[in-house]
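To find a chain, count down the sequence lines: A is the first, B the second, and so on, and within it residues start at 1. Note that the coordinates shown come from a computational prediction; the quantities given were computed from them, not determined experimentally.
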Number of protein chains: 2
Amino acid sequence: MPTAAELLRSHSLPVTAQRLAVLRAVSARPHGTADQITETVRGEIGTISRQAVYNVLGIFSEKGLIRRIQPSGSATLYEDRVGDNHHHLVCRTCGETLDVDCATGETPCLNAADEAGYEIDEAEVIYWGTCPRCLKAT
Amino acid sequence: MPTAAELLRSHSLPVTAQRLAVLRAVSARPHGTADQITETVRGEIGTISRQAVYNVLGIFSEKGLIRRIQPSGSATLYEDRVGDNHHHLVCRTCGETLDVDCATGETPCLNAADEAGYEIDEAEVIYWGTCPRCLKAT
DNA sequence: GTATTTTTTTGACAAAGTCCATTTCTTGAT
DNA sequence: ATCAAGAAATGGACTTTGTCAAAAAAATAC
């Protein structure tokens with residue numbers, strides 16, 4: 001298990017306090033928005049600019065260190081669980097987001113029936129529903 | 001085949017020129033943004049407020065007359081193909097959006113492995129890739 | 001240590017969408 | 001037809017989320 005700093009270096013990324021803190025924040029609070037991550041980081045290292053947060057999240061996503069999720073109608077979420085093929089279950093009412101494994105196997109829905117010449121590299125699946133708590137509150 | 005006005009009435013929706021025009025616009029140009037729809041409608045009935053477009057799109061989505069699609073990094077798209085279980089294929093480069101049927105059958109990925117007490121009502125699938133044209137341009 | 005490259009900061013800006021008060025239109029009943 | 005009540009549309013300000021660009025600060029490689 002490499003340290004966070006080693007992880008960054010192995011991707012040719014200069015190590016900065018901001019990057020380490022963002023990485024920890026994403027790991028500590030999965031499915032957080034850029035704003036929530038900024039708050040967490042500020043609680044840890046004092047200050048960080050909004051732009052730096054977006055920069056870091058952007059480059060981490062590119063490098064595959066973290067993953068973006070974009071549910072309809074809410075801000076982009078980030079998580080550090082990458083490399084496996086899992087999807088997300090979002091509550092329409094409270095927005096709670098859960099990881100779920102797909103019932104159909106390891107590469108669910110990765111093949112469209114007619115790819116129309118496209119080169120497909122990812123299938124993004126979001127399950128929409130209502131969480132137990134919000135079901136009760138009805 | 002009911003007329004557009006009948007369709008609205010059957011959903012207890014008052015019939016207005018704006019609503020008819022928005023419905024036609026969504027039908028004529030699938031996968032359009034609110035802005036594109038606004039333009040189309042203005043070309044047809046002269047003027048419509050931005051708010052009215054959002055109102056109409058919102059209530060149509062609620063009633064199931066149209067469907068929202070929200071690909072990461074672009075505005076919400078709308079289409080009038082509802083009721084069947086089809087998904088979308090989006091080009092990362094040019095943003096072109098295509099309908100695709102899912103290879104795994106009629107209700108692909110509708111069952112998550114562990115639903116955690118959620119009541120799931122929809123599985124949203126977006127395939128990401130590169131369209132033939134953008135592949136060539138590389 | 002120093003030079004070079006990269007990152008961070010700062011502040012302006014843009015897109016997408018929402019909120020709210022007012023006016024206008026639809027509908028349903030007279 | 002007309003009128004009242006409720007619903008929808010308008011206009012304008014505002015919020016949220018994210019991006020752009022230039023200057024300052026920090027990290028890496030030598």
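The nearest whole Å value for the distance from the CD atom in B:Q70 to the P atom in C:dA15 is 17 Å. Between the OH atom of A:Y54 and the C1' atom of D:dT16 there is a distance of 9 Å, given to the nearest Å. Here D:dA26 presents its C1' atom at 15 Å from CG of A:L8, a figure rounded to the nearest Å. The CG-C1' distance, from B:L77 to C:dA16, rounds to 13 Å in whole Å. In this entry the distance linking CG of A:L57 with P of C:dT8 reads 11 Å, nearest Å. The nearest whole Å value for the distance from the CZ atom in A:R19 to the P atom in D:dA25 is 19 Å. Atoms CZ (A:R42) and P (C:dT9) sit 9 Å apart, rounded to a whole Å. The interatomic distance linking A:L13 (CG) with C:dT5 (P) rounds to 18 Å, in whole Å.
Counting any heavy atom pair closer than 4.0 Å across all strands shown, B:Q18 reaches sugar-phosphate atoms only and no base atom. The residue B:A75 sits close only to the backbone: its heavy atoms come under 4.0 Å of sugar-phosphate atoms, none of a base. Residue contacts for B:T33: at a heavy-atom cut-off of 4.0 Å it reaches no nucleic acid atom on any strand shown. Contact annotation for A:S49: base contact, defined as any heavy-atom pair under 4.0 Å involving a base atom.
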message = One pair to check against side chain to side chain donor-acceptor pair (under 3.5 Å): A:E124 and A:H88. What are the steps and the verdict?
response = CA-CA 9 Å; A:E124 184 180 13; A:H88 296 97; over 6 Å; no
Open item on the list: Between A:V22 and A:L57, is the side chain to side chain contact (heavy atoms under 4.5 Å, CB included) condition met? List the steps.
Closed with: CA-CA 8 Å; A:V22 167; A:L57 292 173; 3.8 Å; yes
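Two residues, A:P14 and B:R68, neighbour DNA chain C, and the one matched to the more 5' nucleotide by heavy-atom proximity is A:P14. When each of B:T47 and A:V15 is assigned the nucleotide of DNA chain D bearing its nearest heavy atom, the one mapping closer to the 5' terminus is B:T47.
Regarding contacts with the backbone of C:dT6, every side-chain N or O of A:T16 stays at 4.0 angstrom or more from both OP1 and OP2. Note on A:R9: every side-chain N or O is 4.0 Å or more away from OP1 and OP2 of D:dA27.
Contact annotation: side chain of B:R50 to base of C:dG17, donor-acceptor pair present below 3.5 Å.
The side chain of A:I59 approaches C:dT7 more closely than any other nucleotide in the set D:dT17, C:dT8, C:dT7. Checked against D:dT17, D:dA27, C:dT9, the side chain of A:N55 finds its nearest nucleotide in C:dT9. Distances were taken from every side-chain heavy atom of B:Q51 (C-beta onward) to each of C:dT10, D:dT17, C:dC20; the shortest belongs to C:dC20.
With A:T40 contributing its side chain and A:Q36 its backbone, the two residues share a donor-acceptor pair below 3.5 Å. With A:R42 contributing its side chain and A:I48 its backbone, the two residues share a donor-acceptor pair below 3.5 Å.
A 4.5 Å side-chain heavy-atom check between B:L135 and B:T93 finds every atom pair outside the cut-off.
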